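Step one of this worksheet: look at the structure below.
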Amino acid sequence: MPRADIRSADLFSETFTGSPTRAVRSPGRVNLLGDHTDYNEGFVLPIAIDRDTHITFRTRTDRAIHLTSEHGGSVVVELDQLEHGDPAWAEYVRGVAWALGSGAGHGGSGWDGAVATDVPIGAGLSSSASFEVAVGLVLDHVAGVERTPTEMAVIAQRAENDWVGMECGIMDQLSVAAARRGRAMLLDCRDLSMDHIPVPDDVAFVVLDTGTRRQLTESAYNERRATCEQAAASLGVRSLRSVSIDDLSGALATLDEVPGRRVRHVVTENRRVLAAADALRSNDLQALGSIMTESHVSLRDDFESSTPSLDTMVEIANTTTGCFGARVTGAGFGGAAVAAVDRSRVEPFVSEVLGRYREATRLEPRAHVCIPSDGARVVERPSVS
Ligand code: GLA
């Protein structure tokens with residue numbers, strides 16, 4: 001199958017007459033370390049991946065978006081009449097247009113667009129953030145508005161929180177918007193400052209999709225977030241970021257068992273993210289891998305966002321030659337794990353892990369070897385096949 005940029009350009013010319021103005025390329029992301037820390041104002045360490053969403057587009061003279069998707073048919077979104085509706089994927093378009101203030105301040109015109117994606121959907125690789133940021137870039141380009149990646153990420157997050165209803169943090173949108181090629185992004189979710197850390201050449205990051213789709217993600221996710229916020233309030237702090245490792249035992253003494261375990265995950269995970277960033281800086285891949293595996297244990301036992309399939313995948317990865325470490329990644333509750341693997345061993349690693357996992361579970365897993373990539377951009381010339 002051709003890549004998403006080609007499919008998007010082809011879909012555009014099949015659907016609309018005339019030439020497109022431009023295209024937008026927007027990647028997915030995988031988080032190496034730091035899950036369920038972003039909405040607690042903590043640290044995360046994601047990379048953008050070399051799997052993209054592409055929208056090929058052309059400016060219209062009215063205020064309507066005509067968008068066609070390779071999976072979901074077509075939709076018309078009137079910028080002056082934003083209302084919830086079907087299909088579900090178009091909610092991201094309406095949400096971003098709404099968050100950009102299209103109904104009121106955003107003076108841009110509408111556009112014709114065709115979207116295709118190579119970001120696997122529902123695997124925990126942020127296909128929705130990738131799409132949101134892509135839509136935001138098209139809207140801004142058409143309106144002649146320039147904005148920083150951080151500003152765009154905040155808008156895309158608002159679309160997800162306040163229009164779609166998923167109480168996500170900022171990690172996905174900000175990594176999709178601002179990540180850099182060859183680097184991992186250490187992000188402080190309290191002040192949104194970031195440090196782009198070079199990724200050593202000898203490591204490959206392999207996304208291991210368990211073949212299970214995320215279950216109850218939204219409700220379980222929102223419930224975990226609420227527990228963290230209630231725990232912070234009862235500890236008298238603005239967010240769990242303010243609880244240090246030294247404060248932890250005192251904090252645990254005042255909390256019930258379940259909120260206590262959630263807090264312990266967040267506090268120890270923040271420390272692990274900083275240690276993982278140091279391990280990358282000093283090219284210590286064994287240390288990076290051990291920290292990833294510790295993170296998995298914490299997410300499994302304290303945060304309870306792993307699943308039996310994810311645990312099996314991580315266990316198999318960790319006992320296969322070439323693996324430095326592995327963990328559930330992203331929201332969890334199904335989806336994918338990520339493994340840090342010795343680059344020279346990637347091929348045998350992938351085939352052994354997939355074979356052993358298939359045998360153990362009878363599920364159909366997939367592996368994606370990911371290269372740290374640049375954040376979303378308007379692309380000068382859309383590719384046409
Ligand atoms: C989802 C959310 C992110 C983050 C992760 C867990 O991907 O969208 O904001 O909270 O889960 O780390």
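Note that this is a predicted model, so its numbers are computed, not measured. Both ligands and their constituent atoms are indexed starting at 1 by order of listing.
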| Under 4.0 Å between a Lys/Arg side-chain N and an Asp/Glu carboxylate O for R60 and D112? | yes

Below 3.5 Å, can you tabulate the donor-acceptor pairs from side chains in residues 371-379 to any protein atom, sequence neighbours excluded?
residue : atom : partner : partner atom : Å
S373    : OG   : D50     : N            : 3.3
S373    : OG   : I371    : O            : 2.8
D374    : OD1  : R181    : N            : 2.8

Measure from every N or O atom of ligand 1 to the protein's N or O atoms and keep only the pairs below 3.5 Å, writing each with atom names and distance to 0.1 Å.
residue  : atom   : partner : partner atom : Å
ligand 1 : 7 (O)  : R29     : NH2          : 3.0
ligand 1 : 7 (O)  : D172    : OD1          : 3.4
ligand 1 : 7 (O)  : D172    : OD2          : 2.9
ligand 1 : 8 (O)  : D172    : OD2          : 2.6
ligand 1 : 9 (O)  : D38     : OD2          : 2.5
ligand 1 : 9 (O)  : G169    : N            : 2.9
ligand 1 : 9 (O)  : Y221    : OH           : 3.4
ligand 1 : 10 (O) : D38     : OD1          : 2.7
ligand 1 : 10 (O) : D38     : OD2          : 3.4
ligand 1 : 10 (O) : Y221    : OH           : 2.6
ligand 1 : 11 (O) : A331    : N            : 3.3
ligand 1 : 12 (O) : D35     : OD1          : 2.5
ligand 1 : 12 (O) : H36     : N            : 2.7

| said: Evaluate S239 against R190 for side-chain hydrogen bond (donor to acceptor under 3.5 Å, both in side chains), listing each step before the verdict. | reply: CA-CA 9 Å; S239 70; R190 181 144 73 182; 5.3 Å; no

| query | Is the H66 to F16 ring centre distance short of 6.0 Å? | reply | no

| task | Output yes when R224 and D35 qualify as a salt bridge under the 4.0 Å nitrogen-oxygen rule, no when they do not. | result | no

| field | E359 with R356: basic N within carboxylate O range, under 4.0 Å | value | no

